[in-house]
Amino acid sequence: MDSLIDLLPLFRTLWVVWFFVLFLGMLWLVLRPSRKSHYEAQADIPLRDDPPARALRGDRPARALRGDAHASR
């Protein structure tokens, strides 16, 4: 029986082939046409307008939400 040292070139080759197959699988998952609308919606996030600050916080001042020491004065 061959020792593991003798099989090292085979393992290295299989390792490269395995990662190539894994990479192709990830490309297929990401680039398939059925996911196009999802990624287009994700790409638009930075371009969306933020809602007004009052709508998110209610009537409380911004300092009270951050926990500033000066908010209690």
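Everything numeric here is computed off the predicted structure, so don't read it as measured data. Side chains included, hydrogens not; waters and symmetry mates left out as well; all remaining heavy atoms used.
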* Excluding sequence neighbours, so at least two apart, what forms side chain to side chain contact (heavy atoms under 4.5 Å, CB included) with Gln42? -> His38, Ile45
* Asked: Distance from Thr13 atom OG1 to Leu8 atom CG, nearest 0.5 Å?
  -> 9.5 Å
* To do: Taking ring pair (Phe, Tyr, Trp, His ring centres under 6.0 Å) as the test, write out the residues that go with Phe19, two or more places apart.
  => Trp15
* To do: Would you name the heavy atoms of Tyr39 and Val30 that are closest together and state the gap between them?
  => CE1-O, 3.2 Å
* **Residues that Phe20 engages under side chain to side chain contact (heavy atoms under 4.5 Å, CB included), provided they are two or more places apart** => Leu24
* Asked: Members other than Trp28 in its cluster, when Ile, Leu, Val, Met, Phe, Trp, Tyr link by side-chain heavy atoms under 4.5 Å?
  -> Leu29
* Please check if atom CZ in Arg48 has more than 12 non-hydrogen atoms from other residues, nucleotides or ligands closer than 6.0 Å. => yes
* Asked: Which residues pass the ring pair (Phe, Tyr, Trp, His ring centres under 6.0 Å) test with Trp18, sequence neighbours left out?
  -> none
* Indicate the atoms forming the closest heavy-atom contact of Ser34 with Ser37, along with that distance. => O-OG, 4.4 Å
